[in-house]
Amino acid sequence: IQQFVAQAYLEVGQSHYGGADIALQSGGGVRVPLEGEVTAADLFEVLPFDNKLWRLSLTGAEARAMVEDGLDAVFGPNGSTGPYPYTAGLRYDVDPTQAKGQRASGFEIHHRESNSRLPLEDSQTYRLFVLHFNATGGDGYSTLANIPEERRLDIGVQDVDVVLTYLESLPRDVSGLPIANRLDHSLYSTKSYNEPAEY
């Protein structure tokens with residue numbers, strides 16, 4: 001469900017709020033799955049924290065550091081699963097056995113114009129859609145907290161509203177209701193995961 005929510009941020013950011021290349025949703029910010037017939041009230045159980053979306057302009061190097069921040073908050077000392085980085089538009093391999101700053105590799109960004117995966121370029125600028133909680137350093141995302149003011153914009157839209165907009169854009173069944181299916185695995189941010197022996 002975290003991956004689905006991240007994809008919603010990406011798609012709605014692209015179509016409604018000036019374009020999006022990457023979206024981030026940390027694991028603990030999404031609480032329950034979507035199952036059966038979904039109401040707007042159900043979405044408030046999925047996303048119960050009343051977060052707003054921000055758009056940040058960041059370099060590829062900062063995007064890598066953002067992912068490493070999340071992984072360190074999970075696999076570093078006193079870590080927890082809550083900060084795990086679920087991204088849309090950006091994919092990578094994860095190896096928690098590596099040292100801080102080296103746990104993610106093989107970064108790929110989705111290039112919309114060619115509908116292909118391209119290597120993340122450190123010097124390229126990308127548009128990130130992210131909750132204000134993470135944009136201001138929540139869950140250990142210090143790289144995002146250090147993005148200067150001129151490269152951040154408070155979109156002012158609530159996370160639940162963004163997911164509802166995404167759901168409304170999906171294909172509909174014979175009764176007219178949108179159908180939300182599990183995302184194709186090619187859209188998942190974690191391409192591969194090297195599970196440590198102690199896990």
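Sequence positions, counted from 1, serve as the residue numbers for this chain.
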- Note on the structure: side-chain hydrogen bond (donor to acceptor under 3.5 Å, both in side chains) filter on E11, not counting sequence neighbours, yields Q7
- Item | Shared hydrophobic cluster, Y193 / I1 (ILVMFWY, side-chain heavy atoms < 4.5 Å) | no
- Query: What residues form a side-chain hydrogen bond (donor to acceptor under 3.5 Å, both in side chains) with Y9, not counting sequence neighbours?
  - Reply: Q25
- Query: Do V130 and L144 come within less than 4.5 Å of each other through their side chains, counting heavy atoms only?
  - Reply: yes
- Item | Under the side-chain hydrogen bond (donor to acceptor under 3.5 Å, both in side chains) test, residues paired with R152 that sit two or more places apart | none
- Task: Evaluate the side-chain proximity of F75 to T81: yes if any heavy-atom separation is below 4.5 Å, no if none is.
- Result: no
List the atom pairs, donor and acceptor, that lie under 3.5 Å between side-chain atoms in residues 117-125 and the rest of the protein, sequence neighbours left out.
from, atom 1, to, atom 2, distance (Å)
R117, NH2, S186, O, 3.0
D122, OD1, R64, NE, 2.5
D122, OD1, R64, NH2, 3.4

- Item | Straight-line distance of L34 CG to L167 CG, nearest 0.5 Å | 6.5 Å
- OG1 of T143 to CE of M66, rounded to nearest 0.5 Å, is 8.5 Å
- Query: Have S192 and Y92 got a donor and an acceptor in their side chains that come within less than 3.5 Å?
  - Reply: no
- Between Y188 and L183, does a side chain to side chain contact (heavy atoms under 4.5 Å, CB included) hold up when you go through it step by step? CA-CA 8 Å; Y188 281 35; L183 293 177; 3.8 Å; yes
- Query: Which heavy atom in D159 sits nearest to a heavy atom in L47, and how many Å separate them?
  - Reply: OD2-CB, 3.8 Å
- Task: Would you indicate whether E150, at its atom CD, is surrounded by more than 12 heavy atoms from other residues, nucleotides or ligands within a distance under 6.0 Å?
- Result: yes
- Task: Rounded to the nearest 0.5 Å, what's the gap from CG on L24 to OH on Y86? Could you check?
- Result: 11.5 Å
- Message: Set out, in order, the CA-CA distance, both residues' side-chain angles and the distance that settles side chain to side chain contact (heavy atoms under 4.5 Å, CB included) for Y17 and V12, then state yes or no.
- Response: CA-CA 7 Å; Y17 299 107; V12 176; 3.8 Å; yes
- Shared hydrophobic cluster for Y141 and L153 (ILVMFWY, side-chain gaps under 4.5 Å): no
- Item | Contact summary for L90 and A63, nearest pair of heavy atoms | CD2-CB, 4.5 Å
- Message: Between D50 and K52, does any side-chain N to carboxylate O distance fall below 4.0 Å?
- Response: yes
- Taking every heavy atom of F4 against every heavy atom of A180, the minimum-distance pair comes out as CZ-CB, 3.9 Å
- Message: Could you work out, with salt bridge (Lys or Arg N to Asp or Glu O under 4.0 Å) as the rule, every residue matching E68, not counting sequence neighbours?
- Response: none
- Message: Quiz question: by atom type and distance under 3.5 Å, do the side chains of N115 and H110 form a donor-acceptor pair?
- Response: yes
- Test side chain to side chain contact (heavy atoms under 4.5 Å, CB included) on K191 and H185 and set out the steps. CA-CA 9 Å; K191 293 190 294 179; H185 285 176; over 6 Å; no
- Query: Of all heavy-atom pairs between Y84 and T190, which one has the smallest distance, and what is that distance?
  - Reply: OH-OG1, 2.8 Å
- Query: Under 4.5 Å between any side-chain heavy atoms of R127 and Q14, yes or no?
  - Reply: yes
- Item | Nearest-0.5 Å distance that lies between atom CZ in R91 and atom OG in S189 | 9.0 Å
- Message: Tell me the closest heavy-atom pair linking L10 and R112, and the distance in Å.
- Response: CG-NH2, 3.7 Å
- Sub-4.5 Å side-chain heavy-atom contact between Q158 and F44: yes
- Task: To the nearest 0.5 angstrom, please state how far the CG atom of D72 sits from the OG atom of S142.
- Result: 9.0 Å
- Report the C-alpha distance between I155 and W54 in whole Å, list the side-chain angles of each, state the deciding distance to 0.1 Å, and finish with yes or no for side chain to side chain contact (heavy atoms under 4.5 Å, CB included). CA-CA 5 Å; I155 298 299; W54 285 19; 5.6 Å; no
- Identify the two heavy atoms, one from P48 and one from G29, that lie closest to each other, and give their separation to 0.1 Å. CD-O, 4.2 Å
- If Ile, Leu, Val, Met, Phe, Trp and Tyr residues are connected whenever their side-chain heavy atoms lie under 4.5 Å apart, and connections chain through other members, are F129 and V5 in the same group? yes
- Message: Hydrophobic clustering (ILVMFWY, side-chain heavy atoms < 4.5 Å, transitive) - are I147 and I109 grouped together?
- Response: yes
- Item | D95/R103 ion pair, N-O < 4.0 Å | no
- Message: Distance check, rounded to the nearest 0.5 Å: L71 atom CG versus Q98 atom CD?
- Response: 11.5 Å
Distance-only criterion, 3.5 Å: show the donor-acceptor pairs between side-chain atoms of residues 169-179 and protein atoms not counting sequence neighbours.
from, atom 1, to, atom 2, distance (Å)
S169, OG, Y166, O, 2.6
R172, NH1, G176, O, 2.7
R172, NH2, E168, O, 3.1
R172, NH2, E168, OE1, 2.7
D173, OD1, S175, N, 2.9
D173, OD1, S175, OG, 2.6
D173, OD1, G176, N, 3.1
D173, OD1, L177, N, 3.0
D173, OD2, S175, OG, 3.4

- Item | Side chain proximity check, V157 to H16, heavy atoms < 4.5 angstrom | no
- Query: Does V160 reach the side chain of V46, with side-chain heavy atoms less than 4.5 Å apart?
  - Reply: no
- Item | Note, L128 side chain near D21 side chain (heavy atom, < 4.5 Å) | no
- Ignoring hydrogens and geometry, is there a side-chain-to-backbone donor-acceptor pair from H132 to A135 under 3.5 Å? no
